[in-house]
Asks: 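Dumping the structure here so I can ask a few things about it.
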Amino acid sequence: MPKADRAQFAMTATLAVCALVITALVIRREFFPPDPNAPTVQEDWRELGSTGLSFGPPNAPVQLLVFTDFQCPYCRRLAKSIATIRAEFRDSVRVVLRHYPITESHPEAFDLAKGAECAFQPGRFERYHDLAFELQDSLATIGPLGLAVRSGVLDTTAFRSCTEDPRTASKITSDVALGDRIGLAGTPLVMVNELRLVGTPTLPGLRSRIEAQLDR
């Protein structure tokens, strides 16, 4: 075969292969579109969970990191699932809470977040957290102090002092800034170790993600 013909043949073959590859990619996209709900990887997940309010073993193999708003109805639904997860995986899951109060629509959320920080010091955070979502429809009336008392906080003077301390508010604003930095668009945001989930996971979905992490 003449040299010119060989070059033409090679070019034609290359174009044919490229056309096949492109066709295969188009077919794959049409019949197997990417899952918009697939989790993404959050590379700095350990750093994100290194601070914040938490319950569960500090060295648990699974970290469940949640950015939350105590007046968010989706966060309330998630909190119910997390309560079940805590009971089922008591020794295997550490829950870390970061604050993201959306004050434009939830006017009490920032103060409730400060209350959570101050309930942590006397060891009543877990109860405060659960009651906040259980009594979500009445939070505007109960307020952080009333919620703290119901949670078993005895020293109300110290609690008030803590909520009025600028350093407490600074913790909330730092969490909000962190949420903004990682592109948080709303609450809740849930991460199971490095997996950043989309939307509010169901209990079965959350359970399966945790089990998959434990089986690795």
Side-chain angles (χ1 to χ4, degrees), residues 37 39-40 42 45-102 106 108-110 112-120 123-139 142 144 147-148 150-153 171-172 175-176 178-179 182 184-216:
N37 295 317
T40 56
Q42 187 76 40
W45 64 277
R46 294 184 190 277
E47 178 186 348
L48 294 175
S50 62
T51 59
L53 303 178
S54 65
F55 30 79
N59 297 319
V62 176
Q63 173 183 281
L64 185 60
L65 176 64
V66 181
F67 279 81
T68 195
D69 174 326
F70 285 111
Q71 288 191 292
C72 163
Y74 301 102
C75 297
R76 173 171 56 183
R77 188 172 73 188
L78 175 66
K80 293 179 180 178
S81 297
I82 290 178
T84 302
I85 291 297
R86 281 154 49 198
E88 292 182 0
F89 299 93
R90 187 166 297 278
D91 297 326
S92 304
V93 174
R94 172 177 177 253
V95 180
V96 182
L97 180 81
R98 305 301 293 257
H99 303 287
Y100 199 83
I102 304 175
H106 304 143
E108 287 82 30
F110 194 94
L112 289 162
K114 289 195 297 181
E117 290 287 336
C118 297
F120 185 81
R124 305 309 300 170
F125 161 64
E126 191 166 355
R127 183 60 177 155
Y128 181 101
H129 170 275
D130 293 348
L131 274 179
F133 288 112
E134 181 182 329
L135 304 173
Q136 190 179 74
D137 294 335
S138 305
L139 290 178
I142 298 171
L147 194 61
R150 295 186 186 207
S151 303
V153 174
K171 292 179 181 179
I172 314 304
D175 276 3
V176 172
L178 179 60
I182 65 174
L184 196 156
T187 54
L189 172 63
V190 183
M191 298 182 199
V192 181
N193 283 352
E194 76 278 9
L195 296 181
R196 176 171 171 164
L197 309 186
V198 176
T200 307
T202 63
L203 175 57
L206 194 56
R207 183 186 288 120
S208 66
R209 293 291 182 190
I210 292 170
E211 289 174 343
Q213 291 290 315
L214 292 173
D215 289 341
R216 291 196 305 179

Asks: Counting N and O atoms only, with roles assigned by atom type, does the side chain of Asn193 sit under 3.5 Å from a partner on the main chain of Leu195, one being a donor and the other an acceptor?
Replies: no
Asks: Answer yes or no: is there a side-chain heavy-atom contact under 4.5 Å between Leu206 and Leu64?
Replies: yes
Asks: How many angstroms lie between CG in Leu97 and CG in Asp175, if you round to the nearest 0.5 Å?
Replies: 8.0 Å
Asks: Below 4.5 Å, heavy atoms only, C-beta onward: do Leu203 and Ile85 meet side chain to side chain?
Replies: yes
Asks: Mind checking whether Phe110 and Ile172 have side chains closer than 4.5 Å, heavy atoms only?
Replies: yes
Asks: Hey, could you give me each pair passing salt bridge (Lys or Arg N to Asp or Glu O under 4.0 Å) that has a residue in residues 46-68? Not counting sequence neighbours.
Replies: none
Asks: Do the side chains of Leu78 and Phe133 get nearer than 4.5 Å, heavy atoms only?
Replies: no
Asks: Which atoms form the tightest heavy-atom contact between Thr187 and Tyr100, and what is the distance?
Replies: CG2-O, 3.6 Å
Asks: When rounded to the nearest 0.5 angstrom, what distance separates OG in Ser151 from CG in Leu131?
Replies: 4.5 Å
Asks: Starting at OG of Ser208, measure out to CD of Gln213 and round the result to the nearest 0.5 Å.
Replies: 10.5 Å
Asks: Find out whether Thr51 and Arg98 are in side-chain contact, i.e. whether some heavy atom of one side chain is under 4.5 Å from a heavy atom of the other.
Replies: yes
Asks: So how far is it from Arg124 CZ to Arg150 CZ, rounded to the nearest 0.5 Å?
Replies: 14.5 Å
Asks: Using modelled atom types and a 3.5 Å cut-off, is there a donor and acceptor pairing between side-chain atoms of Tyr128 and backbone atoms of Leu112?
Replies: yes
Asks: Heavy atoms only: give me the nearest Leu197-Arg209 pair and the separation to one decimal.
Replies: CD2-NE, 4.1 Å
Asks: For Glu126, give me all partners under side chain to side chain contact (heavy atoms under 4.5 Å, CB included), at least two apart in sequence or on another chain.
Replies: Phe55, Arg86, Asp130
Asks: Run the side-chain hydrogen bond (donor to acceptor under 3.5 Å, both in side chains) test against Gln136 and tell me which residues pass, sequence neighbours left out.
Replies: Arg76
Asks: Measure from the side-chain N and O atoms of Gln71 to the backbone N and O of Glu108, and report whether any donor-acceptor pair falls under 3.5 Å.
Replies: yes
Asks: Testing the basics here: between His129 and Ala79, what is the closest heavy-atom pair and its distance to 0.1 Å?
Replies: CE1-CB, 4.3 Å
Asks: Restricting to non-hydrogen atoms, name the atom on Arg196 and the atom on Met191 that form the minimum distance, rounded to 0.1 Å.
Replies: CA-CG, 4.0 Å
Asks: So Cys72 and His106, do their side chains get closer than 4.5 Å, heavy atoms only?
Replies: yes
Asks: For the pair His99 and Phe70, name the ring-plane relationship: parallel under 30°, tilted 30 to 60°, perpendicular over 60°.
Replies: tilted
Asks: Side chains of Leu189 and Ile182: does their closest heavy-atom pair fall under 4.5 Å?
Replies: yes
Asks: Work out which heavy atom in Ser81 is nearest to a heavy atom in Thr202; give both atom names and the distance.
Replies: OG-C, 4.4 Å
Asks: Any side-chain heavy atom of Arg207 sitting closer than 4.5 Å to one from Thr84?
Replies: yes
Asks: CZ/Phe120 to NZ/Lys171 distance, rounded to the nearest 0.5 angstrom?
Replies: 8.5 Å
Asks: Identify the two heavy atoms, one from Ala60 and one from Asp91, that lie closest to each other, and give their separation to 0.1 Å.
Replies: CB-O, 4.3 Å
